[in-house]
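So the structure is just underneath, and the comments pick up after that.
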Amino acid sequence: MSTTPLKDLQIDNSLGKVLFSWNSGLVSEVSISKLRGMCPCASCQGHGNAPRFINNTVKSIKKTEFVGRYALTFIFSDGHSTGIYSWEFLRQITELDT
Ligand SMILES: [Zn+2]
């Protein structure tokens with residue numbers, strides 16, 4: 001994992017949140033429903049430019065996988081898994097909380 005900017009990832013399904021630890025030392029936290037709601041895939045985002053939040057009640061993640069060295073995908077409890085979350089995008093949406 002040392003070749004990615006992400007040092008560690010902790011999924012807490014009981015609290016409905018994910019903790020990202022970046023190599024820069026920054027730790028950011030995001031709720032799972034926000035991650036799901038900001039899903040960058042085409043069927044969630046359509047053809048708009050600015051990312052939009054999709055209302056949802058998802059509070060847990062079944063699985064997460066690396067996409068090469070540049071992104072992560074999440075398999076959410078609703079079965080949705082087509083979003084590819086680049087490091088840049090993850091940092092953007094997690095920093096919106098602070
Ligand atoms: Zn999506």
Side-chain angles (χ1 to χ4, degrees):
M1 227 190 253
S2 60
T3 51
T4 74
L6 186 70
K7 197 162 85 181
D8 191 31
L9 172 76
Q10 281 178 282
I11 296 171
D12 192 330
N13 283 327
S14 61
L15 293 174
K17 66 181 187 181
V18 185
L19 217 64
F20 297 93
S21 303
W22 304 99
N23 283 333
S24 64
L26 186 78
V27 176
S28 47
E29 183 185 307
V30 67
S31 72
I32 290 170
S33 80
K34 182 172 175 183
L35 262 187
R36 173 65 183 88
M38 295 302 289
C39 177
C41 85
S43 69
C44 290
Q45 295 295 331
H47 299 290
N49 291 320
R52 63 193 176 112
F53 181 80
I54 313 297
N55 280 321
N56 69 84
T57 56
V58 174
K59 290 188 178 63
S60 63
I61 289 172
K62 290 183 189 170
K63 203 174 174 211
T64 175
E65 279 173 1
F66 280 85
V67 180
R69 287 176 182 167
Y70 73 95
L72 281 178
T73 58
F74 300 97
I75 301 172
F76 293 97
S77 58
D78 63 351
H80 195 69
S81 64
T82 47
I84 294 173
Y85 295 71
S86 69
W87 309 128
E88 192 55 41
F89 183 72
L90 282 171
R91 270 187 289 209
Q92 271 174 28
I93 63 172
T94 56
E95 281 167 16
L96 291 175
D97 276 346
T98 57

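Along the sequence shown, residues carry numbers from 1.
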**OP:** Might you point out which heavy atoms bring Gln45 and Gly37 nearest each other, and give the distance in Å?
**Re:** NE2-O, 4.3 Å

**OP:** Check Asn56 against Ser33 and note the closest heavy-atom contact, atom names and distance.
**Re:** ND2-O, 2.9 Å

Original post:
Is there side-chain contact between Ile32 and Lys59, with heavy atoms separated by less than 4.5 Å?
Top reply: no

Subject >> Straight-line distance of Ile11 CD1 to Lys63 NZ, nearest 0.5 Å >> reply: 11.0 Å

Subject >> From Cys39 atom SG to Phe53 atom CZ, the distance as rounded to the nearest 0.5 Å >> reply: 11.5 Å

**OP:** Report yes if the side chains of Ser77 and Arg36 come closer than 4.5 Å at any heavy-atom pair, otherwise no.
**Re:** no

Original post:
How many angstroms lie between OG1 in Thr4 and CG in Asn23, if you round to the nearest 0.5 Å?
Top reply: 6.0 Å

Original post:
If two hydrophobic side chains count as joined below 4.5 Å and joins carry through other members, does Val30 share a cluster with Val27?
Top reply: no

Original post:
Is Leu26 reachable from Leu19 through a run of I, L, V, M, F, W or Y residues, each pair having side-chain heavy atoms under 4.5 Å apart?
Top reply: no

Subject >> Pairwise side-chain contact, Leu90 with Leu6, heavy-atom cut-off 4.5 Å (strictly under) >> reply: no

Subject >> Val18/Thr64 under side-chain contact (heavy atoms from CB on, under 4.5 Å): CA gap, chis, key distance, verdict >> reply: CA-CA 11 Å; Val18 185; Thr64 175; over 6 Å; no

Original post:
What is the minimum heavy-atom distance between Ala71 and Ser86, and which atoms define it?
Top reply: CB-CA, 3.7 Å

Subject >> Under 3.5 Å donor-acceptor, Asp12 side chain and Lys17 backbone >> reply: no

Original post:
Rounded to the nearest 0.5 Å, how far does OG of Ser21 lie from CD of Glu29?
Top reply: 11.0 Å

Original post:
Any donor-acceptor pair under 3.5 Å linking the side chain of Asn13 with the backbone of Ile61?
Top reply: yes

Original post:
What is the minimum heavy-atom distance between Pro40 and Gly83, and which atoms define it?
Top reply: CD-CA, 4.1 Å

Original post:
Using the ring of each side chain (for Trp, its six-membered ring), is Phe76 parallel, tilted or perpendicular to Phe74, with breaks at 30° and 60°?
Top reply: tilted

**OP:** Report the C-alpha distance between Trp22 and Ser28 in whole Å, list the side-chain angles of each, state the deciding distance to 0.1 Å, and finish with yes or no for side-chain hydrogen bond (donor to acceptor under 3.5 Å, both in side chains).
**Re:** CA-CA 8 Å; Trp22 304 99; Ser28 47; 2.9 Å; yes

**OP:** Group every Ile, Leu, Val, Met, Phe, Trp and Tyr by side-chain heavy-atom contacts under 4.5 Å, then state whether Ile54 and Ile93 land in the same group.
**Re:** no

**OP:** Look up atom CG in Asp78 and atom OG in Ser60, then write down how far apart they are to the nearest 0.5 Å.
**Re:** 9.0 Å

